[in-house]
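Chain letters run A, B, ... following the sequence lines, proteins first and then strands; every chain starts at 1. Bear in mind that the values here come from a model prediction, so they are computed numbers and not experimental data.
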Amino acid sequence: MTAPRVRIAPSPTGPLHIGTARTALFNYLFARHTGGTFILRLEDTDQARSSIAYEKDILDGLHQLGLRWDEGPEVAGDASRGAFAPYRQMERLPIYAAAAERLLAADAAYPCFCTPEMLEADRKAQEAAKLPPKYVGRCATLTLEERAERQAEGRRPALRFRVGTGVVAFDDIVRGRVEIDVSNLGGDFVIVRSDGSPLYHFTVVVDDAAMEISHVIRGEDHLSNTPKHILLFRALGHPEPQFAHLPLILNPDRTKMSKRKSQTAMADYLAEGFIREALVNYLALLGWATGTEEEVLSIEEIVERFELTDVHKGGAVFDRERLEWLNGQWIRRLEPDDLVDRLRPFLEADLAAGRIGWLPTDGELTSLLPVVTERLPRLGAIADLVGFLWVRELDYDPALLVPKRWDGATTREGLIAARSTIADTGAVSFEADQFEPPLRALAEGRGWKVGDLFMAIRVAVTGRTATPPLFDTLVALGFERVLDRLDRAIAILDGATTAR
RNA sequence: GCCGCAUUCGUCUAGAGGCCCAGGACACCGCCCUCUCAAGGCGGAGAUCACCGGUUCGAAUCCGGUAUGCGGUACCA
């Protein structure tokens, strides 16, 4: 058998959608697993809704996920690559026109002069009679003379495809045999608008035929449309590809995942710091499983194990919690240098947004990693975790300073004692294991719980109650800043007592 | 309305006639570890396998029906 050729065919009418990314991924996995070719084609015939900005978002998003296509357009107008160029439908208009001409010549299609008003009236009547909406076929039997007459009146016809009669059946790779009676297709459907622009059902088939697509892998929402495509393939005299309809990704209420009810833009997930390894891993597991208990898998491992026949039939609810868990798994698996590189853009964004006052060096960041990675659910959470390291002044609620079991006076006393202990030991060298024994001894000597003392210090130097381990934090801050922040906390407590 | 597709713990799933009074993971709860938060370890709770009927010695797995859900039904993609 010849190598498969598959494609992802997004339309740039919105940002890269999670569902589109998943479909792209499954096509990619299938292509790589079988040694086939993965093609990207832009379906931009809906000029009213398409935009170059969306196109860029989609291509960038796919690139960021690591889904490289073998044939297709490059970002924003750059050169295409592949033997079947162009890969933007708006640049393929002559091809559709020629195909339409052939169908017309063969009388597989005919011009339709019905006006939107007439069609609307038909629909109303059918609705009233409780009949399924369907084109009545008014123009199906027009003679050549009648067509010419209407043309002469200046009416611009749309082109309709004759669906004929019978049953269309196909063997879907994930769903098995599907049979649909042509009478349920809604009658002869329009393939070219009256303004001459081709419609989706038509372009998709012309292109899949022209690009020699062997397997059409797409969302289940296209299942009911497949007979139309098959009819078109036949009329065009082209062998039908195999079809595989993937289950839908769902909102929590089990409807098709939508912008209204879920976060659907891939760019938003990327911006939050979900990394491609996790995103790919998670998306692959929506509707597919290895059949073993393996779950944390690299894209290479997934490629190796992927089979279309193992894909599920039922829809899958998108579960952000599980994605976050996988993201944590993958963040912890990254090499330190890699993690530092990937953290950079997030820190730059934090700086730009004023969440931090300056950027750490690579060395600083690297030394922080051991205590940071296991606390990082998303790269974007970095400032939230240790942003206190890169700000001049801490801004916190003074009430946080006082541990639950302590009062203000005890806290003040504790911080003063801790300050001098740290000043004494830190003057020699500033290392984590230097402080723990003396500070523990301090707590013990005063009859304090170490947790309380440590918590007071923690809040004083970080402004937060949840941080990486205290001593690593102190070292990261440095001798001077630790003392400064302790002094400032003591001053705050002084102020509080004097005020009272 | 009509057509199509689907249905295993809250969620993602394993399961292809006996290994299943259903396994794993996320989330949840508890314990351990512990200076907080995580991470990790251990344990717990959680599914009469949508329902009804049939086939079979035996069904989550096969067949039929029902219900529910979703998708499609455009001169959108």
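Using a 4.0 Å heavy-atom cutoff across all strands shown, A:R458 reaches at least one base atom of the nucleic acid. Here A:N225 lies in heavy-atom contact (under 4.0 Å) with a base. Using a 4.0 Å heavy-atom criterion, one finds that A:A158 contacts the bases of the nucleic acid, with or without backbone contacts as well. Counting any heavy atom pair closer than 4.0 Å across all strands shown, A:G186 reaches no nucleic acid atom. Heavy atoms of A:R332 sit under 4.0 angstrom from primed sugar atoms or phosphate atoms, though from no base atom. Residue A:P252 is classed as having no contact, given no heavy-atom separation below 4.0 Å to the nucleic acid. Contact annotation for A:P10: no contact, since no heavy-atom pair falls under 4.0 Å across all strands. Residue contacts for A:E293: at a heavy-atom cut-off of 4.0 Å it reaches the sugar-phosphate backbone alone, with no base atom in range. Here A:L119 lies in heavy-atom contact (under 4.0 Å) with a base. In this structure, A:E127 reaches neither bases nor backbone, as no heavy-atom distance under 4.0 Å exists between it and the strands shown. Across all strands, A:G287 comes closer than 4.0 Å only to sugar-phosphate atoms, never to a base (heavy-atom distances). Nucleic acid contact for A:T255: sugar-phosphate only, since backbone atoms but no base atoms lie under 4.0 Å from a heavy atom of the residue. Among the atoms of the strands shown, only primed sugar atoms or phosphate atoms (P, OP1, OP2) are found under 4.0 Å from some heavy atom of A:L285. Nucleic acid contact for A:T465: base, since at least one base atom lies under 4.0 Å from a heavy atom of the residue.
The partner of B:U73 is B:G1, by the rule that a Watson-Crick or G-U pair needs both atom distances under 3.5 Å. Across all strands shown, B:A14 has no partner, as no Watson-Crick or G-U wobble contact with both distances under 3.5 Å is found. Of the nucleotides present, none pairs with B:A45 by Watson-Crick or G-U wobble criteria with both distances under 3.5 Å. A 3.5 Å limit on both hydrogen-bonding distances identifies no Watson-Crick or G-U partner for B:U34. Base pairing of B:G53: its partner is B:C63, meeting the Watson-Crick or G-U wobble criterion (both donor-acceptor distances under 3.5 Å). When both distances must be under 3.5 Å, the Watson-Crick or G-U wobble mate of B:C9 does not exist.
The side chain of A:V317 has B:U11 as its nearest neighbour among B:A39, B:U11, B:A77. Of the candidates B:G71, B:C76, B:A27, B:A27 carries the atom nearest the A:E321 side chain, counting heavy atoms from C-beta on. Checking B:C35, B:A77, B:G4 against the side-chain heavy atoms of A:F454 singles out B:C35 as nearest. Proximity note for A:A289 (side chain, C-beta onward) versus B:G4, B:U13, B:C76: the nearest is B:U13. Comparing B:G72, B:C5, B:C2 against the side chain of A:K256 picks out B:G72 as the nearest. Of all nucleotides listed (B:A14, B:C75, B:G71), B:C75 comes nearest to the side chain of A:R160. Nearest nucleotide to the side chain of A:P133, out of B:G1, B:G4, B:U11: B:G1. For A:P132, the side-chain atoms get nearest to B:G1 when compared with the rest of B:A6, B:G1, B:C12.
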Open item on the list: What verdict does the salt bridge (Lys or Arg N to Asp or Glu O under 4.0 Å) test give for A:E324 and A:R378, after you've listed the backbone C-alpha separation in whole Å, the side-chain angles of each residue and the deciding distance to 0.1 Å?
Closed with: CA-CA 7 Å; A:E324 285 214 11; A:R378 281 163 285 110; 3.5 Å; yes
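The shortest distance between the side-chain N/O atoms of A:K228 and the OP1/OP2 oxygens of B:G72 is not below 4.0 Å. One finds a side-chain N or O of A:T45 lying less than 4.0 angstrom from the OP1 or OP2 phosphate oxygen of B:A77. Within the structure, a side-chain polar atom (N or O) of A:Q329 is placed less than 4.0 Å from OP1 or OP2 of B:G40. Between A:H312 and the phosphate of B:A14, there is a side-chain N or O to OP1/OP2 separation shorter than 4.0 Å. Neither OP1 nor OP2 of B:U13 sits under 4.0 Å from any side-chain N or O of A:R322. For B:C76, one of the phosphate oxygens OP1 or OP2 lies less than 4.0 angstrom from a side-chain nitrogen or oxygen of A:R193.
Comparing A:H222 and A:R375, the nucleotide of RNA chain B nearest to each residue sits closer to the 5' end for A:R375. Comparing A:F471 and A:W325, the nucleotide of RNA chain B nearest to each residue sits closer to the 5' end for A:W325.
Spacing between B:C49 and B:U8 at atom C1', rounded to whole Å, works out to 4 Å. Comparing B:G10 with B:U66, their P atoms are spaced 27 Å from each other, to the whole Å. For the P atoms, the distance from B:A25 to B:U68 is 36 Å, rounded to whole Å. The gap from the C1' atom of B:C70 to that of B:A27 amounts to 25 Å, rounded to the nearest Å. Taking the P atoms as reference points, B:U48 lies 23 Å from B:C63, given to the whole Å. Taking atom C1' on both B:G69 and B:A77, the two are 24 Å apart, rounded to the nearest angstrom. Comparing the same atom, C1', in B:G17 and in B:U61 gives a spacing of 7 Å after rounding to whole Å. Taking atom P in both B:G65 and B:G23, one finds a spacing of 32 Å when rounded to whole Å.
A donor atom on one side chain and an acceptor atom on the other are not found under 3.5 Å apart for A:R446 and A:T410. When only modelled atom types and interatomic distance are considered, A:E294 and A:T292 share a side-chain donor-acceptor pair under 3.5 Å. A side-chain N or O of A:D207 and one of A:Y96 form a donor-acceptor pair less than 3.5 Å apart. Checked by atom type, the side-chain pair A:T462/A:R458 shows no donor-acceptor distance below 3.5 Å. Using modelled atom types, one finds a donor on one side chain and an acceptor on the other under 3.5 Å when comparing A:D188 with A:Y110. Counted by atom type alone, A:Q263 and A:E272 present one or more donor-acceptor pairs between their side chains at under 3.5 Å.
Rounded to an integer number of Å, the gap from A:R405 CZ to B:C35 P is 13 Å. Rounded to a whole Å, the CD atom of A:E295 is 11 Å from the P atom of B:U13. The CE atom of A:M257 sits 18 Å away from the C1' atom of B:G69 (whole-angstrom rounding). Residue A:R123 contributes atom CZ, which lies 19 Å from atom P of B:C2 at whole-angstrom precision. Note: CG (A:D452) to P (B:C35) measures 12 Å, nearest angstrom. Regarding A:F202, its CZ atom lies at a distance of 17 Å from the C1' atom of B:A74, rounded to whole Å. A:L323 places its CG atom 14 Å from the P atom of B:U13, with the value rounded to the nearest Å. Between A:E55 atom CD and B:A77 atom P the separation is 16 Å, expressed in whole Å.
No donor-acceptor contact under 3.5 Å links the side chain of A:R49 to the base of B:A77. Taking only distance into account, the side chain of A:S194 meets the base of B:C75 through a donor-acceptor pair shorter than 3.5 Å.
Seen from the ring of A:F26, A:R22 counts as a face-on cation partner, given the 6.0 Å and 45° thresholds. Both tests pass for A:R160 against the ring of A:Y135: distance under 6.0 Å to the centre and angle within 45° of the axis.
Classification of A:D310 and A:R305 as a salt-bridged pair fails, no side-chain N sitting under 4.0 Å from a carboxylate O.
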